[in-house]
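In this chain, residues are counted from 1 in sequence order. Quick note: numbers below take in every heavy atom, side chains included, and nothing from hydrogens, waters or symmetry partners.
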Amino acid sequence: MTGRTFEELQRIQTLKGLLYVFLTSLLLWWLVRWALAAVAEADRYESEVRYRQIFERTSSVCMLIDVETLRIADANPAAERFYGWSHQELTSKLLSEINTMDPAGMRELVAGVAEGRHNFFVVSHRLRSGAVRDVEVHSSPILVNGRRVNFSIIHDVTDRVRAERRLVESEANYRRA
């Protein structure tokens with residue numbers, strides 16, 4: 001015998017049992033946290049893929065405009081086709097390079113969207129060819145990587161605007177006649 005009393009041996013066995021339970025619990029806690037983190041990461045990845053596909057595959061022109069710099073932060077393939085510039089060229093441009101508004105008015109418009117004051121407007125945009133098209137913009141503020149951007153969906157309404165102008169002119173001519 002080692003010279004230990006029964007009570008000491010019982011206390012040692014109890015401590016060993018408690019240590020085993022503690023280490024097992026700690027390991028189980030770590031495994032559950034790891035599994036939950038893996039599930040969350042998989043969900044985040046799936047969500048990113050889903051929204052990236054929506055952005056890239058829609059036939060609507062979509063752009064992200066950085067609220068602070070007024071730089072085009074991202075553009076989808078439909079935007080490339082509509083404007084005539086590559087993705088790299090578009091994302092190196094300031095909004096003022098395609099929008100024909102005066103810079104102060106454009107900055108106010110972008111800030112108004114970011115602050116939720118309005119989200120729909122019609123403006124004119126310049127294409128690579130030099131042509132100017134009337135576009136209807138539906139825009140909403142979002143956060144991307146901690147930066148405020150306006151997500152804009154853009155529709156070419158040039159033909160509709162021209163038809164409306166002709167109708168107004170026709171009505172004016174009719175009234176004069």
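Contact record, Ser92 with Arg71: O-NH1, 2.8 Å, taken as the closest heavy-atom pair. Counting all heavy atoms, side chain and backbone alike, Asn119 lies closest to Ser140 at ND2-OG, 4.5 Å. Residues Ser60 and Ala78 approach most closely at O-CB, 3.4 Å, considering heavy atoms. Contact between Val67 and Arg107 at its shortest, heavy atoms only, is O-NH1, 4.5 Å. Taking each heavy atom of Thr58 and Cys62 in turn, the nearest pair found is CG2-SG, 3.7 Å. When all heavy atoms of Thr91 and Ala75 are compared, the closest pair comes out as CG2-N, 4.2 Å.
Distance check, rounded to the nearest 0.5 Å: CZ of Phe22 to CG of Leu27 gives 11.5 Å. Rounding to the nearest 0.5 Å places OH of Tyr51 at 11.0 Å from CD of Glu48. Atom CG of Leu15 sits about 6.5 Å away from atom CG of Leu18, to the nearest 0.5 Å. To the nearest 0.5 angstrom, Leu109 atom CG is 8.5 Å from Leu95 atom CG. Atom-to-atom distance recorded for Gln13:CD and Phe6:CZ is 10.0 Å, nearest 0.5 angstrom. Separating the CE atom in Met63 from the NZ atom in Lys93 is a distance of 11.0 Å, to the nearest 0.5 Å.
The aromatic rings of His155 and His138 sit perpendicular to each other, their planes meeting at more than 60°, with 30° as the lower class boundary. Ring planes of Trp30 and Trp34: parallel class, angle under 30° (limits at 30 and 60°).
For the residue pair Ser124 / Asp134, a side-chain donor-acceptor distance below 3.5 Å is found, with atom types taken as modelled. Side-chain contact annotation: Asn150 with Ser152, donor-acceptor N/O pair under 3.5 Å absent. His125 and Asp156 are not linked by any side-chain donor-acceptor pair at a separation below 3.5 angstrom, with hydrogens and angles left out of the test.
Heavy-atom neighbours of Arg57 CZ from other residues, nucleotides or ligands within 6.0 Å: at or below the threshold of 12. Counted within 6.0 Å of CD on Gln53, heavy atoms from surrounding residues, nucleotides or ligands total more than 12; the atom is thus considered enclosed.
You'll find the side chain of Val135 stays beyond 4.5 Å of the side chain of Val157, heavy atoms only. In this structure, the side chains of Tyr83 and Arg126 stay at 4.5 Å or more apart for every pair of heavy atoms. Using a 4.5 Å cut-off on side-chain heavy atoms (C-beta onward), Leu70 and Val110 make contact. Residues Glu136 and Phe120 are in side-chain contact: their nearest non-hydrogen atoms beyond the backbone lie under 4.5 Å apart.
Thr14 places a side-chain N or O within donor-acceptor distance of the main-chain N or O of Gln10, the cut-off being under 3.5 Å. Side chain of Glu115 to backbone of Gly112: no donor-acceptor contact under 3.5 angstrom is found.
Linking Ile, Leu, Val, Met, Phe, Trp and Tyr whenever their side-chain heavy atoms come within less than 4.5 Å leaves Val122 and Ile154 in two separate clusters. One hydrophobic cluster, built from ILVMFWY side chains closer than 4.5 Å, cannot hold both Phe82 and Leu94; they sit in different ones. Cluster membership check: Val123 does not share its hydrophobic cluster with Val161, using side-chain heavy-atom separations under 4.5 Å among Ile, Leu, Val, Met, Phe, Trp and Tyr. Placement of Leu64 and Trp85 in two distinct hydrophobic clusters is found when ILVMFWY residues are connected by side-chain heavy-atom separations under 4.5 Å, directly or transitively. There is no path of hydrophobic side-chain contacts, each under 4.5 Å, that joins Val132 to Leu127.
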Q: Decide side chain to side chain contact (heavy atoms under 4.5 Å, CB included) for Asp66 and Thr69; before the verdict, give the C-alpha distance in whole Å, the side-chain angles of both, and the deciding distance to 0.1 Å.
A: CA-CA 6 Å; Asp66 187 299; Thr69 64; 3.3 Å; yes
Q: Begin from the C-alpha positions of Glu46 and Arg50 and carry the test salt bridge (charged side-chain N to carboxylate O under 4.0 Å, His left out) through to its verdict.
A: CA-CA 6 Å; Glu46 183 180 319; Arg50 179 180 326 118; 3.4 Å; yes
Q: Start with the C-alpha gap between Arg128 and Glu89, add the side-chain angles, then the distance that decides, and say whether salt bridge (charged side-chain N to carboxylate O under 4.0 Å, His left out) holds.
A: CA-CA 10 Å; Arg128 179 183 202 133; Glu89 291 170 318; 2.8 Å; yes
Q: Could you go through the salt bridge (charged side-chain N to carboxylate O under 4.0 Å, His left out) check for Arg4 and Glu8 one step at a time?
A: CA-CA 6 Å; Arg4 299 195 186 237; Glu8 288 175 331; 5.3 Å; no
Q: Start with the C-alpha distance between Phe151 and Ile65, add both sets of side-chain angles, then the distance that settles side chain to side chain contact (heavy atoms under 4.5 Å, CB included), and finish with yes or no.
A: CA-CA 7 Å; Phe151 171 64; Ile65 307 299; over 6 Å; no
Q: Take Leu143 and Val149 through the test side chain to side chain contact (heavy atoms under 4.5 Å, CB included) and record every step on the way to the result.
A: CA-CA 6 Å; Leu143 279 178; Val149 297; over 6 Å; no
Q: Show the numbers, then the answer: is there a side chain to side chain contact (heavy atoms under 4.5 Å, CB included) between Val113 and Phe121?
A: CA-CA 10 Å; Val113 169; Phe121 44 91; 3.7 Å; yes
Donor-acceptor pairs under 3.5 angstrom involving side-chain atoms of residues 162-177: please list them, not counting sequence neighbours.
{"from": "Asn173", "atom 1": "OD1", "to": "Arg176", "atom 2": "NH2", "distance (Å)": "2.1"}
{"from": "Asn173", "atom 1": "ND2", "to": "Glu169", "atom 2": "O", "distance (Å)": "3.4"}

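Screening Ile72, Asp74, Asn76 against His87 for a side-chain contact (heavy atoms from CB on, under 4.5 Å) leaves a single residue, Asp74.
Arg148 and Glu68 are joined by a salt bridge, as a carboxylate oxygen and a charged side-chain nitrogen come within less than 4.0 angstrom of each other.
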